[in-house]
Amino acid sequence: MSHTINHLRRLRLQRSELAVPGSNPDMIEKAANSDADYIFLDIEDAVAPPDKERARANIVAALNQIDWRARGKTISVRINGLDTHYMYRDVVDLMEQAGDRIDTLLVPKVGVPADLYMVEAMVNQIEIAKGYKTHVGLEALIETALGMANVEAIASFGGRLEAMHFGVADYAASLKARTVNIGGLNPDYPGDQWHFGLSRMTVACRAYGLRAIDGPFGDFSDPDGYRAAARRAAALGIEGKWAIHPSQIALANEIFSPPEKEVDRARRIIDALKVAESQGRGAASLDGKMIDAASERMARNVLATHDAIATGGR
């Protein structure tokens, strides 16, 4: 093991992340009563330019009127991109009027670490000026060729950064990739054309102690397609996925929760290795398979997720 170890910066339960347009107050209220672990209220792509100001005001009102944390929700807001004239007012109004009620800000289309620096500097100053005792985290949405080319540098930013998300729709547009459905597979490609991007982002996240989250699957009438995409992401180490429709929440919660059989095996791995250690052995056999210290690390990952679900970890 390298002497340089970047531990997880912040543990939050993020199996399902429901995207909610800030322009629709009814949907915001329903989101608060949903089974999603995480909610992000959106002022960016889900809101048309003429509705940006109204959506921002709706979100500020919802943050102040709904006790999201009492309902077991982690609450995030996706601000507009740094290349727009909406972003500065998003940060100022959100932080000044409801900054102590926000868990994270989701920064879209992050291309270079300086993008996060700008948002962080604004958040720092407003928190100090307002005397907030809370601490708003940042999450980076990797959804451009530039962002993916710089993903390791972005992950190493530090500061308030907690997680990175894979934004497959804009990523496909940035690459000029041919796709038939947001997050779906092109049958002309021999496999999963999103594998490289997801894998590279996940490696960067784990190297620097960040949570790794998969983005949307556009066809909400195709639960099997959603499940398949979520399973592929989970196999890579992703810990959660967006839900662009309430019907996708249960699917994400199911797939990103370790099954009881897996939890039981994780416990038995740890117990078996304790016995082996007491006998002076570093490895053991369980169910006809060799297990060792690496097996224990994998088992503890399973149990950490299981415990977070049991306690509603945020």
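Both tests pass for K241 against the ring of Y226: distance under 6.0 Å to the centre and angle within 45° of the axis.
Residues E162 and Q14 bring no donor and acceptor atom of their side chains to less than 3.5 Å of each other. Defined by atom type and a distance below 3.5 Å, a donor-acceptor pair is missing between the side-chain atoms of N181 and D219. Using a 3.5 Å distance cut-off with no hydrogens or angles, the side chains of T104 and S76 do pair a donor with an acceptor. If you check the side chains of S16 and N253, you find a donor sitting under 3.5 Å from an acceptor.
Under a 3.5 Å cut-off, the side chain of D67 and the backbone N or O of A70 do form a donor-acceptor pair. A side-chain donor-acceptor contact under 3.5 Å links K73 to the backbone of A36. When atom types are taken as modelled, the side chain of S199 and the backbone of F196 share no donor-acceptor pair closer than 3.5 angstrom. Using modelled atom types, no side-chain atom of D192 and backbone atom of L185 make a donor-acceptor pair closer than 3.5 Å. Between the side chain of E127 and the backbone N or O of V136, at least one donor-acceptor pair lies under 3.5 Å. For the pair R211 (side chain) and L13 (backbone), a donor-acceptor distance under 3.5 Å is absent. Looking at R206, its side chain does come within 3.5 Å of a backbone N or O of L210 through a donor-acceptor pair. N80 places no side-chain N or O within donor-acceptor distance of the main-chain N or O of Y86, the cut-off being under 3.5 Å. With hydrogens and angles disregarded, a donor-acceptor distance shorter than 3.5 Å links the side chain of W194 to the backbone of G184.
For the pair D35 and I249, the tightest heavy-atom approach, listed with the atom from each and the gap, is C-CG2, 3.6 Å. Nearest heavy-atom pair across L18 and P246 is CD1-N, 4.3 Å. The two atoms that bring G282 and L273 nearest to each other are O-CD2, 4.1 Å, heavy atoms only. Nearest heavy-atom pair across G111 and D115 is N-OD2, 2.8 Å. Scanning all heavy atoms of the two residues, the minimum distance from I182 to V168 falls at CG2-CG1, 3.8 Å. When all heavy atoms of G197 and M148 are compared, the closest pair comes out as O-CE, 3.5 Å.
To the nearest 0.5 Å, atom CD1 of residue I255 and atom CD1 of residue I238 are 13.5 Å apart. In this structure, the separation between CD1 on I142 and OG on S174 is 11.5 Å, given to the nearest 0.5 Å. Going from atom CE of M164 over to atom OG1 of T202 covers 8.5 Å, rounded to the nearest 0.5 Å. Distance CZ/R54 to CG/N58: 6.0 Å, rounded to 0.5 Å. L161 CG to R10 CZ: the interatomic distance, rounded to the nearest 0.5 Å, is 13.5 Å. Taken from CG in L286 to CD1 in I270, the straight-line distance is 11.5 Å, to the nearest 0.5 Å.
When side chains are defined from C-beta on, H306 does not count as touching E262, because their heavy atoms never get closer than 4.5 Å. Considering only heavy atoms from C-beta on, E44 comes within 4.5 Å of K109 through its side chain. You'll find the side chain of Q248 stays beyond 4.5 Å of the side chain of P223, heavy atoms only. Using a 4.5 Å heavy-atom cutoff, the side chains of E239 and T305 are not in contact. Contact annotation: the side chain of D42 never approaches that of V20 to less than 4.5 Å [non-hydrogen atoms, C-beta and beyond]. Using a 4.5 Å heavy-atom threshold, the side chains of V107 and L116 count as touching. Side-chain contact between I43 and L94 is present, with at least one heavy-atom pair separated by less than 4.5 Å. For the pair E17 and H165, the minimum side-chain heavy-atom distance is below 4.5 Å.
Remark: E96 CD is packed, more than 12 non-hydrogen atoms of other residues, nucleotides or ligands lying under 6.0 Å away. Applying the 6.0 Å contact sphere to CD of E254 captures more than 12 heavy atoms from other residues, nucleotides or ligands. Heavy-atom neighbours of F220 CZ from other residues, nucleotides or ligands within 6.0 Å: at or below the threshold of 12.
Screening F40, F217, Y38 for a ring pair (Phe, Tyr, Trp, His ring centres under 6.0 Å) with W242, the sole residue that qualifies is F40. Tested against D90 for a side chain to side chain donor-acceptor pair (under 3.5 Å), the candidates R78, R56, K52 yield a single pass: R56.
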Step by step, work out the side-chain contact (heavy atoms from CB on, under 4.5 Å) result for L105 and E139.
-> CA-CA 6 Å; L105 293 178; E139 299 180 80; over 6 Å; no
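L251 and I39 sit in two unconnected hydrophobic clusters of ILVMFWY residues. Membership requires side-chain heavy atoms under 4.5 Å apart, directly or through other members. Hydrophobic cluster membership differs between I269 and V263, with clusters built from Ile, Leu, Val, Met, Phe, Trp and Tyr side chains linked at under 4.5 angstrom. Transitive grouping of hydrophobic side chains (ILVMFWY, heavy atoms separated by less than 4.5 Å) keeps V47 and I79 in distinct clusters. A single hydrophobic cluster is seen to contain both M87 and L63, as judged by linkage of ILVMFWY side chains at heavy-atom distances under 4.5 Å, directly or through other members.
Taking the six-membered ring wherever Trp is involved, the centroid distance between the rings of F157 and Y117 does not fall below 6.0 Å.
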